[in-house]
Structure formats: structure tokens, C-alpha cells
Amino acid sequence: MSRVYNFSAGPAVLPEEVLREAADEMLDYQGSGMSVMEMSHRSKVYDKIIKDAEQDLRDLMNIPDNYKVLFLQGGAHLQFAMVPMNLFKNGVGDYIVTGQWAKKAYNEAKKFGKANCVASSEDKTFSYIPDCSDLPISEDADYVYICENNTIYGTKFKELPNTKGKVLVSDVSSCFLSEPVDVTKYGIIYGGVQKNIGPAGVVIVIIREDLITDDVLPGTPTMLKYKTHADADSLYNTPPAYGIYICGKVFKWLKKQGGLEAMKAYNEKKAKILYDFLDESKLFKGTVVKKDRSLMNVPFVTGDADLDALFVKEAAAAGFVNLKGHRSVGGMRASIYNAMPIEGVEKLVEFMKAFEAAHSAE
Ligand SMILES: *Cc1c(COP(=O)(O)O)cnc(C)c1O
């Protein structure tokens with residue numbers, strides 16, 4: 001068996017320890033005589049799995065009691081619709097458009113009411129985070145929406161926007177659990193888990209209780225009401241049971257690493273190795289404004305599309321896979337989520353140095 005260094009943006013690398021544990025438990029989960037894939041989501045055994053997962057997440061993020069944790073399906077994309085369907089009372093949402101995911105959410109919200117783009121960084125290919133200290137927030141906005149870490153472009157909000165008292169909704173898909181957050185600053189925090197937490201198929205929604213009501217847009221399907229899932233502790237219907245079990249293992253792994261403060265320090269150390277190299281390299285360049293750089297997704301280019309393609313190909317042959325940039329931006333992108341070991345980044349930089357030496361001699 002040989003494992004590669006997987007720099008995929010998602011689905012992405014998971015802790016090897018977690019995968020080994022899951023493998024050990026595959027045929028017989030803790031004496032139950034069956035796999036977690038095979039057990040009823042109403043069984044006592046499974047109830048402990050989902051309850052422990054929720055509690056460990058609450059511990060990691062310090063989630064206050066007046067917030068619910070929901071394990072849902074439909075990916076981050078379904079939240080683009082569920083947010084307005086559940087939160088629209090005046091039918092107005094203010095969106096800060098910092099990339100393709102925020103833009104998709106913004107466009108989806110238009111189907112349900114009025115969506116305003118109150119700030120955007122599209123003028124410079126989403127390579128920065130706009131100043132959000134004094135935005136023209138709508139008086140009657142039901143919420144202000146951000147995508148906190150822009151997976152494709154590699155930018156991150158280092159400071160939350162001033163929402164002028166409005167509820168903040170944040171898509172944290174690609175920075176979930178990468179550093180501590182103050183949950184009380186948000187109305188909703190949500191993310192697909194396949195970037196930084198677990199296997200595809202689970203989306204976690206952390207939502208303040210007063211935002212969970214029956215007062216949703218007319219015609220909202222039962223399955224798309226937060227209240228349906230909150231009232232049933234995420235067991236209204238069959239949840240993505242196996243995925244939640246793996247997420248739970250990752251939560252325990254994160255606790256063992258020292259929690260989110262420790263992850264932040266580790267992630268900063270890891271990202272610095274790559275960014276420092278990009279800043280000194282004559283061949284490779286980072287593509288975003290320094291102060292807005294993401295710790296999780298690091299896009300870079302050589303400035304020559306053919307050379308980019310050659311780099312991606314040679315890197316893959318050397319065991320550094322999925323370094324191709326998103327199809328909408330080209331170049332390269334290294335996603336260095338929680339589970340990417342520091343050696344992976346160190347070795348990638350060594351490889352980049354060798355590639356640079358080989359190609360500047362020409
Ligand atoms: C990947 C991603 C999405 C889309 O996730 P799906 O689960 O495929 O719907 C949305 N937002 C962000 C920030 C992402 O990184």
C-alpha cells in the first residue's frame with residue numbers, strides 16, 4: 001500500500017488514523033456484529049455515535065446551548081436555497097460576493113426574494129476580500145451572507161463583516177474546524193464536510209435557535225425546513241449515517257491534536273512554509289492579496305499555462321496529486337486542510353524548488 005500526498009480541494013485528505021480505525025471496525029462495530037453501514041439509525045448503538053459526534057463538535061467549537069447542530073444532506077448547495085427559504089421574513093438578503101460559491105448562493109436567493117450584492121471582489125478575479133467595515137446593509141435585510149473561505153480563489157475573511165446588527169450567515173465549508181471561531185457572532189454557520197471534516201454526503205448546520213421557526217416561505221418542503229431536523233435531532237429521516245460516524249471520528253482526532261487552537265497553530269505553520277516559498281520563488285507566484293490569504297487553499301501560477309500543466313503532471317508522477325487549479329482559474333492550487341501533514345507541504349516545496357531549478361536553467 002502506498003498513500004500519496006493528496007492536495008485535492010474536496011473530497012479531500014482525511015487523517016490516516018481515522019481511516020485505519022474505520023477499517024478495523026468495518027465488519028464488526030464494537031461488538032455489534034455489523035458495520036455502521038448496516039445498522040439502523042434508530043438503534044441504541046447508532047444513537048450514541050450521532051450524540052457523541054454532536055457533543056464532540058460542541059466541545060471543539062464551544063457551541064453555546066442556544067444553538068442547534070444539524071447533520072443534513074444536499075451538500076452546501078442545498079443551503080444556498082434553505083437559507084433564504086427559512087430566513088426570509090422581509091424577503092431580503094444581503095450578499096458579499098467573494099467568489100463562485102458566494103455568487104451561486106446569491107443567485108439562488110434571487111429565486112425566493114430580493115438578494116442584494118452589497119460588496120464584491122469580482123473586479124479582480126476574486127483575489128481579495130473587500131473592506132466590509134461599513135457596507136450599505138439594507139435596513140430590512142433578513143441576514144448578511146458570506147463565504148468565509150473561498151476555496152477556489154484562496155482568500156479568507158480575517159475579520160467578519162460589520163453586519164450592522166443583522167444576522168450573519170456563513171458558508172465555512174473549506175475552513176470548518178481549521179481554527180477557533182466565536183459562534184455567537186453568527187446566526188448560521190454551515191459547511192459541506194467533504195473539505196475539512198469527513199466524506200461527502202453530510203452538511204453540518206449550526207443555527208441559533210430563534211432562527212428555527214415554522215414561519216418559512218410558503219411551499220417550503222418539509223425536508224428543507226430547519227425546524228423539521230432540529231425537532232428530530234437530525235433523525236427525521238435516515239441521515240447520512242456512515243458519513244456522520246466518520247465525522248465523529250475526525251472530531252475525536254481533532255480533540256486529540258489539542259483542539260482548534262492547536263490546529264490553528266499547525267495550519268499557520270504549514271501554510272507559512274508554502275507562502276514563504278512562493279514569496280521568494282522566481283518561477284511560482286501566489287495569486288491573492290497577502291493579507292487575505294487562506295490557510296487552507298493556496299493557489300499559485302508560473303505565468304505560463306504550458307509550464308503549469310507540466311508541473312501538475314510531474315508533481316503527480318512524484319506523488320503530489322490533485323494540484324491542478326479549479327477549472328475556472330487555471331494554474332495550481334494546493335489544498336492543505338487539517339489532515340495534510342506538515343511533511344506533505346515540506347516535500348511539495350522541495351519538489352517545487354527542484355522544478356524551478358530545472359526550468360530556470362533553460
Ligand atoms: C465545495 C464548496 C461548496 C459546494 O459544496 P457541495 O457540497 O458540493 O454542494 C460550497 N461552498 C464552498 C465554500 C465550498 O468549498
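Counting from 1, the numbers follow the sequence of the chain as shown. Order of appearance sets the numbers: ligands from 1, and atoms from 1 within every ligand. All values reported here derive from a predicted model rather than from experimental measurement. Computation of the quantities below employed the complete heavy-atom set of this structure, encompassing side-chain atoms and omitting hydrogens, waters and symmetry-equivalent molecules.
Each of the following atoms of ligand 1 lies closer than 4.0 Å to a heavy atom of Lys195: 1 (C), 2 (C), 3 (C), 14 (C), 15 (O). Close contacts between ligand 1 and Ser173 involve ligand atoms 11 (N), 12 (C), 13 (C), 14 (C), 15 (O) [criterion: under 4.0 Å to a heavy atom]. Listed by atom number, the atoms of ligand 1 under 4.0 Å from Thr151 heavy atoms are 12 (C), 13 (C), 14 (C), 15 (O). The distance from ligand 1 to the heavy atoms of Gln194 drops below 4.0 Å at these ligand atoms: 5 (O), 6 (P), 7 (O), 8 (O). In summary, the atoms of ligand 1 found under 4.0 Å from a heavy atom of Gly75, numbered by their order in the structure, are 7 (O), 9 (O). Distances below 4.0 Å separate heavy atoms of His77 from the following atoms of ligand 1: 4 (C), 6 (P), 8 (O), 9 (O).
A salt bridge does not link Asp292 with Lys156: none of the charged nitrogens is closer than 4.0 Å to a carboxylate oxygen.
In terms of polar-atom proximity, Ala76 is counted as a contact of ligand 1, with an N or O under 3.5 Å from an N or O of the ligand.
Remark: the backbone N or O of Asn338 is paired with a side-chain donor or acceptor of Asn196 at under 3.5 angstrom.
Using a 30° and 60° split on the angle between ring planes, Phe355 and Phe311 fall in the perpendicular class, above 60°.
For the ring pair (Phe, Tyr, Trp, His ring centres under 6.0 Å) with Tyr153, the qualifying choice from Phe126, Phe300, Tyr128 is Phe126, the only one to do so.
Aromatic rings from Tyr145 and Tyr106 are positioned such that their centres are separated by 6.0 Å or more.
Under a 4.0 angstrom heavy-atom cut-off, Cys147 registers as being in contact with ligand 1. Not a single heavy atom of Gly192 sits less than 4.0 Å from an atom of ligand 1.
Residue, atom and distance of the protein heavy atom nearest to atom 11 (N) of ligand 1 are Asp171 OD2, 2.6 Å.
Pairs passing the salt bridge (Lys or Arg N to Asp or Glu O under 4.0 Å) check and including a residue from residues 311-338, sequence neighbours excluded, do not occur.
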In sequence, state the C-alpha distance, the side-chain angles, and the governing distance for Arg293 and Asp279, and then conclude on salt bridge (charged side-chain N to carboxylate O under 4.0 Å, His left out). CA-CA 12 Å; Arg293 281 171 165 176; Asp279 288 343; 2.8 Å; yes
